[in-house]
Structures are given as structure tokens and as C-alpha cells.
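The structure appears below as C-alpha cells.
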Amino acid sequence: MRNKFDIELENLNLDLIRMGARAEQTITKVVKVIENCDAGGAREIIEDDDLVDAMARQIESRSMKLIMKQQPVAKDLRIISAALKMITDIERICDQAADISEITLSVCKEITIPRPQHISKMGRTTAQMVHMAVDSYVHRDMGLAEEVIGMDNEVDRLYDVVKTELLDMAIEDREKIDQIVDFLMIAKYLERIGDHAENIAEWAVFSETGVHKDSRIL
């Protein structure tokens, strides 16, 4: 028979899975917003940001109660500590998706330059990274976590391609610089989302090993 701590820890993991799934869905939606100039979808992402904040507060509350009431040690404490770190990254992912949506609402009023073709691939890759990173934590799959960490290099490469493409456009036509900068900001936010997904994977590694970015913490 499972004890109360194990049940509460499982509930914490379920909350984290739900929050991670929400972030993954948000990134997938924001790609469609960019591709289709979906103003309704953009507004939904912006409005849903409060829901993600509420999910983060619930996980924080559950985590702090586990720490104070159960006084976990060693691996259990690492798991809870990692969850607290991970929700910060997931929350920032959704914040940046909302930022992208706000920019898209402005850009889509009148698009005068070609959409950089690699932006969509950046979005799909980061959505996959978030899904895999949360899975690596829940299933204690260090191989999956390392795969996510490696995938961030591809997101960085795609960002460099988009940046070069946009800078070339700026050289050719300076009158369109405002829209070029908007698309560059969209790409930069996606690149940051990749960084946050990588962070989640690194905290998954910590939860299992006590090592974070080659430094032993706990």
C-alpha cells in the first residue's frame, strides 16, 4: 500500500505533466498563429497565460507542503526541487508564446515581407522539446533528457538561419525594417523557448543524479 507522501508526489507529477502539456499545446498553437495570421488564436494564447500562472502556483503550493510536512531527503527532495525549478521555465515558455502572439497581431495587419520559412520548424522543434523534457522527468529517462539538450543546438542553428535571412532583407530594403525586426523578435522568442526546454531537461537530470550542468548540488 502506498503511503501519503508517494500519493502526493504522484499528484505533483500529474500537475507538472498538465502544465507541460499546456505549454506544448501553446507552442503548437502559436506556430499556427504565425503561419495563418490567426488573430483569434493569438488572443486565446494571451488570455490563457493567466491559467498557466495559476497552474504554477498550485504546483508551488503542493511542493512547499510536501517539503514542510514530509521533510523529504535525498532523491525525493531532488525531485520536488527540480519541479519547482521546472515550472519557472514552463511559465516563461508560455509568457514568450504570449509575447509572440502580441507581435503577430501587429505584424499581420499588413505583411510586406516573406515569412522566414524556418520559423515554423523552430516552433515545432521547441514544442517537441518541451514534451520530451517533461517526459524525461516523469519517467526518469536520462537518455531522453540528453536528447532534448542536444536538440537545442538545432534550434540555435535555425535561429541563425532566420536571422541571416532577415538581415539580408534589411540590407535590400530598409523601409521594411520594422516588420523585419518583428519577425526577428519572434524567432528570438522561439530560440529562448528552446533554451527553457533545455533547462527543463537539465533539471530532470538533476532530479535523478543530483548533478546540474556538471556541478553536484544535492
Side-chain angles (χ1 to χ4, degrees), residues 2 4-34 38 40-70 72 76-105 123-141 144-145 148 152 155 189-208 212:
R2 294 183 304 165
K4 185 176 179 181
F5 178 83
D6 289 337
I7 294 171
E8 287 299 315
L9 193 60
E10 182 178 323
N11 289 333
L12 174 64
N13 285 340
L14 289 173
D15 284 346
L16 194 63
I17 290 169
R18 292 187 191 101
M19 190 177 178
R22 171 68 64 169
E24 181 187 355
Q25 291 164 8
T26 299
I27 303 167
T28 301
K29 185 184 290 186
V30 88
V31 171
K32 293 178 181 177
V33 165
I34 297 165
D38 182 358
R43 293 189 186 96
E44 285 177 8
I45 291 170
I46 294 166
E47 291 168 2
D48 283 352
D49 198 37
D50 289 340
L51 175 60
V52 174
D53 293 343
M55 294 173 83
R57 288 194 296 272
Q58 179 176 330
I59 293 172
E60 286 173 351
S61 176
R62 193 185 293 278
S63 298
M64 295 310 298
K65 287 177 182 177
L66 276 170
I67 291 171
M68 289 188 294
K69 291 183 178 181
Q70 304 294 333
D76 289 334
L77 182 58
R78 291 201 306 266
I79 291 170
I80 298 168
S81 299
L84 285 168
K85 293 290 187 179
M86 289 163 67
I87 59 172
T88 300
D89 284 297
I90 297 173
E91 197 171 8
R92 288 299 297 136
I93 285 169
C94 294
D95 287 343
Q96 284 156 0
D99 291 336
I100 291 171
S101 296
E102 289 178 354
I103 295 172
T104 304
L105 285 173
R124 287 191 291 270
T125 303
T126 55
Q128 183 182 11
M129 288 173 68
V130 172
H131 176 82
M132 292 168 61
V134 174
D135 266 7
S136 72
Y137 166 82
V138 172
H139 299 296
R140 311 285 176 253
D141 188 337
L144 190 60
V148 173
D152 190 51
V155 175
Y189 280 129
L190 289 171
E191 188 266 339
R192 288 177 181 170
I193 288 172
D195 290 341
H196 287 298
E198 180 184 20
N199 287 346
I200 294 168
E202 287 172 341
W203 285 116
V205 172
F206 164 78
S207 72
E208 187 70 15
H212 184 253

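Atoms considered below: every heavy atom in the structure, side chains included; atoms not considered: hydrogens, waters and symmetry mates. What you see is a predicted model, and the numbers here were worked out from it, not measured in a lab.
Considering only residues two or more places apart in sequence or on other chains, Arg43 meets the salt bridge (Lys or Arg N to Asp or Glu O under 4.0 Å) condition with none of them. Residues meeting the side chain to side chain contact (heavy atoms under 4.5 Å, CB included) test with Ala197, sequence neighbours left out: Met129, Val130. Partners of Glu60 by side chain to side chain contact (heavy atoms under 4.5 Å, CB included), not counting sequence neighbours, listed by chain and number: Arg57, Leu84, Ile87. For Gln128, the side chain to side chain donor-acceptor pair (under 3.5 Å) criterion is met by no residue, not counting sequence neighbours. The side chain to side chain contact (heavy atoms under 4.5 Å, CB included) search around Ser207 returns Ile79, Ala82, Tyr137, Arg140, not counting sequence neighbours. The salt bridge (Lys or Arg N to Asp or Glu O under 4.0 Å) check on Glu8 picks up Arg62, with sequence neighbours excluded. In this structure Asp195 satisfies the side chain to side chain contact (heavy atoms under 4.5 Å, CB included) test together with Asp152, Asp156, Glu191, Glu198, sequence neighbours excluded. Scanning for salt bridge (Lys or Arg N to Asp or Glu O under 4.0 Å) contacts around Glu102 gives an empty result, with sequence neighbours left out.
Using bins of under 30°, 30° to 60° and over 60° for the plane-to-plane angle, the ring pair His212/Phe206 lands in the perpendicular bin.
When all heavy atoms of Asp141 and Leu144 are compared, the pair lying nearest together is OD1-N, 3.0 Å. When every heavy atom of Ser101 is checked against every heavy atom of Ala42, the shortest pair comes out as CB-O, 3.6 Å. Closest non-hydrogen pair, Ser63 versus Leu12, comes out as OG-CD1, 3.4 Å. Of all non-hydrogen atoms in Pro72 and Leu77, the two that sit nearest each other are O-CB, 3.7 Å.
With a 4.5 Å cut-off on side-chain heavy atoms, Ile27 and Ile93 count as touching. Side-chain contact between Lys32 and Asp38 is absent, with no heavy-atom pair separated by less than 4.5 Å. Between Ile100 and Leu190 there is a side-chain heavy-atom pair separated by less than 4.5 Å. For the pair Asp15/Arg18, a side-chain contact is recorded, criterion being any heavy-atom separation below 4.5 Å from C-beta on. Looking at heavy atoms from C-beta onward, Ser136 lies out of side-chain contact with Val148 at the 4.5 angstrom threshold.
Once rounded to the nearest 0.5 Å, the distance linking CD of Gln70 with NZ of Lys4 reads 6.5 Å. Taking SG of Cys94 as the start and CE of Met19 as the end, the distance is 6.5 Å to the nearest 0.5 Å. Annotation: the span from Met64 atom CE to Leu66 atom CG amounts to 10.0 Å, rounded to 0.5 Å. To the nearest 0.5 Å, atoms NE2 (His131) and CD1 (Ile17) are separated by 10.0 Å. For the atom pair CD1 of Ile45 and CD of Gln25, the computed distance is 11.0 Å after rounding to the nearest 0.5 Å.
Remark: side-chain polar atoms of Thr126 are paired, donor with acceptor, to backbone N or O of Gly123 under 3.5 angstrom. A distance-only check finds no donor-acceptor pair linking the side chain of Ser81 to the backbone of Arg78 [under 3.5 Å].
Checked against Leu16 for a side chain to side chain contact (heavy atoms under 4.5 Å, CB included), the options Ile90, Asn11, Ile200, Val138 give a single hit: Ile90.
Sorted by first and then second residue, the pairs that involve residues 84-96 and meet salt bridge (charged side-chain N to carboxylate O under 4.0 Å, His left out), not counting sequence neighbours, are Arg92-Asp95. Sorted by first and then second residue, the salt bridge (charged side-chain N to carboxylate O under 4.0 Å, His left out) pairs with a member in residues 19-28 read Arg22-Asp48; sequence neighbours excluded.
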